[in-house]
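Some notes on the structure that comes next.
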Amino acid sequence: MERESIDKRAGKKPRERNAAAEKSARRENTRPRREKPQAKPFKEQGAKQDGKEKKNHLKRAENQTERQQKPVRRTKSEKPRREGKSPKNAVKIVFLGGVGEIGKNMTALECGDDIIIIDAGIIFPTEENPGIDLVAPDITYLVENRKKLRALFLTHGHEDHIGGVPYLLKEVNVPVVATKLTLALVDNKLREHRLNDVKERVIAPGESYQAGCFKVDFINVNHSIAGAVALCIHTPQGVIFHSGDYKIDLTPVAGEPIDLKSIADIGSRGVLLYMGESTNIERPGFTMSETVVGQTLDRLFAENSTRRIIIATFASNVHRLQQIIDLAVKYKRKVALNGRSMLNVVEAAEKIGEMSVSDGVLIDISKTKNARDDELIIVCTGSQGEPMSALTRMSNGENPAITVGANDTIIISASPIPGNERGIYGVINKLYHLGADVVYESLENIHVSGHACREEHKIMHTLLKPKFFVPVHGEYRHLKKHSQLAQSLGMEERNIFLADIGNCLEVTSKYIKRLADVPAGSRLIDGEGIEDEKASVVMQDRRQLAAEGLFIVSVAVSGGEVVGEPAINSRGFVFDFHHDYNREMREVINRAIEGYDLSSGNVDELKRIIKKSLRNYLQKKTKQSPMVVPVVVEL
């Protein structure tokens with residue numbers, strides 16, 4: 001009504017004004033918009049304009065907040081890498097073993113719905129794991145992703161690379177791909193574990209295997225075992241090169257030298273990531289050729305022509321075993337093998353043509369007692385001082401087939417693996433006590449490593465020219481030194497990653513970054529039993545027993561009352577013989593029993609009270625904390 005009265009006073013009809021306004025608005029929308037003049041400063045505006053500008057300012061702030069909350073559209077090259085969201089076909093690398101340690105090597109590569117595994121090794125237990133047979137990687141991540149598993153690739157046949165294969169295949173079904181000798185050694189393990197339906201594929205150096213989106217080329221390298229290879233892995237993001245264990249030996253005693261030409265060709269085409277072993281990174285120069293060992297053995301055979309020769313070496317070192325057998329033929333001696341793994345390796349190598357043994361050279365170990373010293377060579381296991389090995393049992397006088405004496409020359413053709421020094425030197429001391437003459441690495445060139453030294457690593461880096469680098473197969477100091485070597489050759493530190501067990505990396509053609517860790521660690525193998533090392537109650541109990549000893553308290557209960565005196569037995573506990581602990585312990589236990597009403601309680605609670613009382617007493621009086629095991633017998 002107010003608007004209509006105004007229109008009448010202006011001489012216009014309401015409809016006519018509305019039509020004119022609409023026509024004017026249409027003309028306004030078709031005209032190009034002009035730039036608005038810049039707003040004057042607040043001081044030059046009136047109070048009304050000031051308030052309006054403040055409202056506009058608040059509105060602009062609200063719009064800016066909304067834009068920050070909404071995802072910003074960017075080009076692919078500008079998009080940031082957000083945690084938890086990976087580009088399509090990015091490659092994940094999961095380290096399950098072999099980094100920060102020497103042994104139990106295992107690495108998984110994942111892309112989309114495909115996972116391949118590189119090696120499945122074990123490590124022998126240390127003093128921290130009393131009574132344990134083997135230590136293998138925790139494979140929880142692989143079991144959880146078993147549907148993605150496409151193949152297990154083995155770089156060579158050493159225990160730290162194949163020892164865990166049976167334990168892996170008991171939980172997941174995956175084809176095993178390796179060279180001929182490596183698979184022959186794996187077959188021995190599978191038969192022991194009664195695994196008969198395993199898919200295997202023999203691949204020779206120079207051949208390839210397709211596993212999902214991964215194409216894997218086998219590259220010949222030299223190592224202290226035949227059939228060792230590096231892996232050139234073609235992925236949707238680029239080439240990942242895994243060195244395996246290697247050295248550059250241009251005069252190997254058998255087989256071909258390392259295939260440097262193929263490695264150089266791979267490098268010229270571009271390598272996204274290099275994962276290189278680091279065992280001997282602290283050693284300068286080059287690793288000696290295996291031919292040096294043959295020359296030293298030849299001289300020692302000649303110098304000890306009237307003595308019995310016993311040689312301890314790695315059972316898997318087929319080339320060295322071949323050299324020993326050839327020298328035995330040269331010096332007209334028979335060879336007896338001692339140790340189950342030694343027998344298995346020679347049998348497997350002969351079967352596939354990796355070793356050649358003339359008829360009549362090998363004799364059974366049981367026939368050595370009737371043979372003359374100068375016509376016999378005994379080749380045995382135990383070069384690392386393993387407690388149950390043939391050489392260790394000889395040093396303890398516990399080997400039923402061989403008794404060490406003054407006419408024996410014992411050659412230890414191996415170097416101690418880090419951590420085994422104490423065991424092997426203890427064996428050497430005992431052999432000297434028995435009158436034998438012992439020859440080992442610090443005295444003669446009786447062993448050469450199968451791992452590359454610093455100059456060989458420089459050659460590998462220079463040939464491959466990788467964009468990113470992850471050192472593997474070494475303790476943390478080895479990985480750090482290898483990282484420093486790569487930097488000295490021009491690689492930027494930001495392109496190098498030092499991995500720990502459980503780490504997960506994401507690699508694309510443009511970057512490498514760390515993702516969230518995966519479940520990983522060690523599994524302890526004791527006979528047929530397997531358990532997680534971190535959650536092992538058994539290990540806690542064994543360590544306590546070894547360190548503090550054991551008390552067993554036996555109490556008889558009848559009709560809700562304790563009958564007779566408690567019986568106390570102890571093992572592994574050191575007493576002060578000038579103090580009557582036995583009487584005081586009985587008094588402590590009796591007071592604990594008297595203070596508990598068994599008729600209204602239960603046997604489990606009585607055990608807890610006895611255990612607590614005795615432990616408190618022993619801790620206070622002896623400063624020791626043995627394991628206390630209460631036993632309540634209900635009559």
Side-chain angles (χ1 to χ4, degrees), residues 71-96 99 106-119 139-153 155 172-175 177 201 203 207-219 230-244 263 265-276 464-472 491-492 494-497 499 502-520:
V72 179
R73 294 184 179 275
R74 304 173 188 243
T75 63
K76 289 184 178 179
S77 60
E78 293 175 334
K79 283 186 178 180
R81 300 190 298 271
R82 293 182 293 175
E83 188 68 31
K85 185 176 181 180
S86 300
K88 185 179 180 181
N89 292 331
V91 178
K92 289 169 59 178
I93 303 173
V94 180
F95 297 94
L96 300 176
V99 287
M106 178 179 277
T107 305
L109 272 63
E110 181 176 354
C111 183
D113 292 328
D114 301 320
I115 294 178
I116 62 172
I117 310 165
I118 302 174
D119 291 327
I139 58 172
T140 300
Y141 183 79
L142 300 179
V143 173
E144 291 175 350
N145 293 275
R146 67 180 73 196
K147 292 182 179 179
K148 294 184 177 183
L149 299 180
R150 300 293 174 255
L152 166 63
F153 293 93
T155 58
V172 300
N173 183 19
V174 61
V177 186
R201 175 69 183 273
I203 299 291
E207 296 179 349
S208 303
Y209 184 90
Q210 190 77 37
C213 66
F214 299 100
K215 179 189 175 187
V216 182
D217 301 334
F218 276 37
I219 311 298
L231 303 177
C232 176
I233 307 165
H234 301 270
T235 79
Q237 296 295 332
V239 167
I240 296 176
F241 192 93
H242 191 291
S243 71
I263 294 171
D265 290 342
I266 293 167
S268 66
R269 292 191 294 268
V271 173
L272 176 64
L273 171 66
Y274 173 42
M275 291 191 285
L464 291 173
K465 301 181 287 290
K467 184 173 184 178
F468 304 115
F469 173 53
V470 177
V472 296
M491 178 168 278
E492 296 183 18
R494 62 189 178 91
N495 292 334
I496 302 171
F497 184 82
N503 285 171
C504 179
L505 299 183
E506 180 177 274
V507 184
T508 71
S509 59
K510 296 180 180 179
Y511 67 84
I512 182 170
K513 70 174 182 179
R514 180 177 173 181
L515 302 180
D517 289 354
V518 304

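Worth saying up front: this structure is predicted, and the values here are computed from it rather than measured. Values below: every heavy atom of this structure, side chains too, minus hydrogens, waters and symmetry copies.
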With sequence neighbours excluded, residues passing salt bridge (Lys or Arg N to Asp or Glu O under 4.0 Å) with K467: none

Where C232 and V239 come nearest, the two heavy atoms and their spacing: SG-CG1, 3.6 Å

Residues which pass side chain to side chain donor-acceptor pair (under 3.5 Å) with E110, listed by chain and number, not counting sequence neighbours: Y141, K148

Intermediate values then yes/no, side-chain contact (heavy atoms from CB on, under 4.5 Å), I115 and L109: CA-CA 6 Å; I115 294 178; L109 272 63; over 6 Å; no

Chi angles and distances behind the side-chain contact (heavy atoms from CB on, under 4.5 Å) call for I266, V271: CA-CA 7 Å; I266 293 167; V271 173; 3.7 Å; yes

Partner set under ring pair (Phe, Tyr, Trp, His ring centres under 6.0 Å) for Y209, not counting sequence neighbours: F153

Heavy-atom check, side chain of I233 versus side chain of I116, under 4.5 Å: yes

Side chain to side chain donor-acceptor pair (under 3.5 Å) partners of N89, counting only residues at least two apart: none

Distance-minimising heavy-atom pair for C111 and P236: SG-CG, 3.8 Å

Between OG on residue S268 and NZ on residue K465, distance to nearest 0.5 Å: 6.5 Å

Residues which pass side chain to side chain donor-acceptor pair (under 3.5 Å) with T140, listed by chain and number, not counting sequence neighbours: D138

Intermediate values then yes/no, side-chain contact (heavy atoms from CB on, under 4.5 Å), F468 and M275: CA-CA 9 Å; F468 304 115; M275 291 191 285; over 6 Å; no

Heavy-atom check, side chain of P466 versus side chain of M491, under 4.5 Å: yes

Pairs meeting criterion salt bridge (Lys or Arg N to Asp or Glu O under 4.0 Å) with involvement of residues 235-244, two or more places apart: none

Distance-minimising heavy-atom pair for C504 and K92: SG-CE, 3.6 Å

Contact summary for F214 and D114, nearest pair of heavy atoms: CE1-O, 3.7 Å

Closest non-hydrogen atom pair between A230 and S243, with its separation: CB-O, 3.5 Å

Q237 side chain near L273 side chain, heavy-atom distance below 4.5 Å: no

D517: side-chain contact (heavy atoms from CB on, under 4.5 Å) partners, not counting sequence neighbours: N503, R514

Non-hydrogen side-chain atoms of I263 and F241 separated by less than 4.5 Å: yes

D113: partners by salt bridge (Lys or Arg N to Asp or Glu O under 4.0 Å), with sequence neighbours left out: none

Shortest non-hydrogen contact between V174 and L152, atoms and distance: CG2-N, 3.7 Å

Those residues that, when tested against R494, pass side chain to side chain donor-acceptor pair (under 3.5 Å) (two or more places apart): E492

F95 and V518, any side-chain heavy atoms less than 4.5 Å apart: no

Side-chain touch I117/T107, heavy atoms, less than 4.5 angstrom: no

Stepwise side-chain contact (heavy atoms from CB on, under 4.5 Å) check, L149 with L142: CA-CA 8 Å; L149 299 180; L142 300 179; 4.1 Å; yes

Residue pairs passing the salt bridge (Lys or Arg N to Asp or Glu O under 4.0 Å) test where at least one lies in residues 231-243, sequence neighbours excluded: none

Partners passing salt bridge (Lys or Arg N to Asp or Glu O under 4.0 Å) against D217 (at least two apart in sequence or in another chain): none

I139 vs M106 side-chain heavy atoms within contact, under 4.5 Å: yes

Inter-residue atom distance L515.CG - I93.CD1, 0.5 Å rounding: 10.5 Å

Ring pair (Phe, Tyr, Trp, His ring centres under 6.0 Å) involving F469 - partner list, sequence neighbours excluded: Y274, H461, H482

